[in-house]
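All remarks here apply to the structure that follows.
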Amino acid sequence: MSEDRLPRRSCGTLSASDAGDTHRVCGWVAHRRDHGGLVFIDLRDETGVIQVVADPVAAQVFEVAERVRHEWVLEITGTLDIRPEGTENQDLPTGEVELKASSLKVLAESETPPFVIDDRVEVDEALRLRYRYLDLRRPKMLAALRKRASAISAIRLAAEECGLLEVETPTLTRATPEGARDYMVPSRQHPGSAFALAQSPQLYKQLLMVAGIGGYYQITKCWRDEDLRADRQPEFTQLDIELPFAGVDDVLGVVEATVCSASQAIRGNAPDRPFPKMTWAEAMSRFGTDKPDLRIEGELKDLTSVFGGTEFRAFSAAISQGSRIVGLKSKGCPEGASRSWFDALIARATELGAKGLVWILVEPGGELRSPVAKFLSAAELEAIRDVLALQEGDIAMIVADAISVAREVLGRLRVELASDSTEAEREGAGEFAPFWVVDFPFAEWNENEGRLDPLHHPFCAPHPDDFEIISRGSDAIVEAGPESVRALAYDLVADGWELGSGSVRIHTRELQETVFEAIGIDPTEAEEKFGFLLEAFRYGAPPHAGFAIGIDRLIAVLQEEASIREVVAFPKTQTGSEPMTGAPAAIDGSQLASLGLSLKQSPRP
RNA sequence: GGGGGCGUGGUGCAGUUUGGAGUGCACGCCGGCCUGUCAAGCCGGAGGUCGCGGGUUCAAAUCCCGUCGUCCCCGCCA
């Protein structure tokens, strides 16, 4: 309005200490309450909401105030008053004061939005993504973006305090032969050739170690053309770290520093360091998964010894075939102890690959109820109660199967049953308690291909204690049992999420070639695919180790969101499309021509 | 590639099991009243291709087949 106008004040920052002065605010109409003779407007900007009062005494202001609608953009100047006694709003940070408008200018009108911009209104996610700019206008979403930014800023600071140098690596790179499918980028200058969008900076960061970088980090986008989940987007952000002359604990220390700084930024507190460690073997045996959710009560227990001399045929037969009997306690069942609930539980176990499932319910008074109770001796039942620490209302689930199957099935049920109950009922809900899973197996048997695959990637160093086995090749690994042959590889886990993984790397050509051989990559193939890395190792590569954290996941977990889409400004749907822009879109004919491409299949209309 | 959930005025739902007139609830929207509200309140009103296509039937939001979108999961994600 006036030429020498006041500086813009943020709506959410006005307080009693600003009262009595004239202020100028700009923002969106969050709500309007028209009392006929008095109009209240809640004006929202990125910092919060301030109540504006339009009084008929200021006729011009009042006339406009009666006309404005949701989401109109206004510039308002007025005096900040302490609210009349009894009209303060405790629920609003600015609830002690209100702006008495002396000037009200409409900067932009708005059509009625497709949904109300309010944290409390639930909207279909497809619609939110279609109008993401309106979705992001919701205070909760803006706060999520702000928390994300502050966490990333804190991470950079922590990384730099650890002496790391941020180095950018190419995102247009060469397709990696293994791992995820690549997003391909055809090149106009090289018809018939294409770049791949980087799945991770893995090889580049190792080359930076050879280059002599004292310690590297990068916060960067990575791309993987795989099917999506709540915790997976086709493009995601990774905190990538690599240290020269470093061992496992050096890396874990740096990662802990960055994770704690992110936690401090978002939650205002950080977990104790060092984070607890658990071996992969322990995670599998106690929880049936390599990313256990420790908030859930109940662990897997091996009950095989309990049934050494059992009369129960299903168990005795299983044991004689080398199967194990594994049990798991669950805290009650959500729908009471109905027969149909247990039937569904058994059906689910079968679906997950078990041959069957035995359940035992502890009834009020302590009696054990089970369809197979009559086949089990009193001593066996009491041993189950004892080993699983069963209490009234608990359910014991018992699976007799190959150890890997029994663990897999019970590990899944453990998580699925917990997600049926509410968050509040979970042990330790709300805590951020990350921990390390260390000593991952070096490789796993690929049933389909009939060969060993690296569990992490082919650049992980073997565990020194298992090096001898690996050096004798794939047959020796298979003979020893792939699960027992370890790599110096580790994951960071929290709340059942894999937040990141890393390893000590191989840094000599000789060992790298040995490892390639052990996992079935022959020298010709190795030369073609990773020749540049092997070549670099000829010129003095330092021992090095590193880690990569999924930033989207870390931030989602820190904000206790179930999906990373809640902490990504413009995420894609589960089918990898973007409802707002319509991406991906058909390729224009002239673009195809300039790339030297033709299509075999027309895109769907 | 596979399993499951959802799709009904602008939004969120109920209705679908057991076919019978587009029936209902809350919010939003439009109009009116209203000077202390704060997701204001009261009164009135408008607004529908029940995702789309096909089938069964005298009759389909409802049953069947197909398809699209979306969410969760399996496979996949070194």
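Each chain gets a letter, A, B and so on, in the order the sequences are listed, and its residues count up from 1.
Annotation: A/E444, atom CD; neighbour count of heavy atoms from other residues, nucleotides and ligands within 6.0 Å is above 12.
Here A/H70 does not pack flat against the base of B/G28, since the 5.5 angstrom centre distance and 30 degree tilt limits are not both met. Residue side chain A/F115 fails the stacking definition with respect to B/U11, as its ring centre and the base's six-membered ring centre are not both under 5.5 angstrom apart and under 30 degrees in plane angle.
Heavy atoms of A/R69 sit under 4.0 angstrom from primed sugar atoms or phosphate atoms, though from no base atom. Counting non-hydrogen atoms under 4.0 angstrom, A/E98 reaches a base of the nucleic acid. The residue A/E88 sits close to a base: some heavy atom pair falls under 4.0 Å. No contact: A/R128 has no heavy atom under 4.0 Å from any strand. At the heavy-atom level, A/R181 lies under 4.0 Å from the strands shown only through sugar-phosphate atoms. Nucleic acid contact class of A/R412 (heavy atoms, under 4.0 Å, all strands): sugar-phosphate only.
For A/Q574, a side-chain nitrogen or oxygen approaches OP1 or OP2 of B/C72 to under 4.0 Å. Within the structure, every side-chain polar atom (N or O) of A/R33 is placed at least 4.0 Å from both OP1 and OP2 of B/U37.
Both distances falling under 3.5 Å, in either a Watson-Crick or a G-U wobble arrangement, place B/G44 opposite B/C30. Nucleotide B/A59 forms a pair with no other nucleotide shown, judged by Watson-Crick or G-U wobble geometry with both contacts under 3.5 Å. When both pairing distances are held under 3.5 Å, B/G24 makes a Watson-Crick or G-U pair with B/C13.
A donor-acceptor contact under 3.5 Å is not formed by the side chain of A/E122 with the base of B/U11.
Going from the C1' atom of B/G32 to that of B/G7 covers 37 Å, rounded to whole Å. Separation of the C1' atoms belonging to B/G48 and B/U8 is 8 Å when rounded to the nearest angstrom. Separating the P atom of B/A61 from that of B/G53 is a span of 13 Å, rounded to the nearest Å. For the P atoms, the distance from B/C30 to B/U37 is 24 Å, rounded to whole Å. With both ends at atom C1', the span from B/C63 to B/A26 equals 31 Å, rounded to whole Å.
Between A/F40 and A/H35, the ring center distance clears the sub-6.0 Å criterion.
Following rounding to the nearest Å, A/R138 (CZ) and B/G12 (P) show an atom-to-atom distance of 12 Å.
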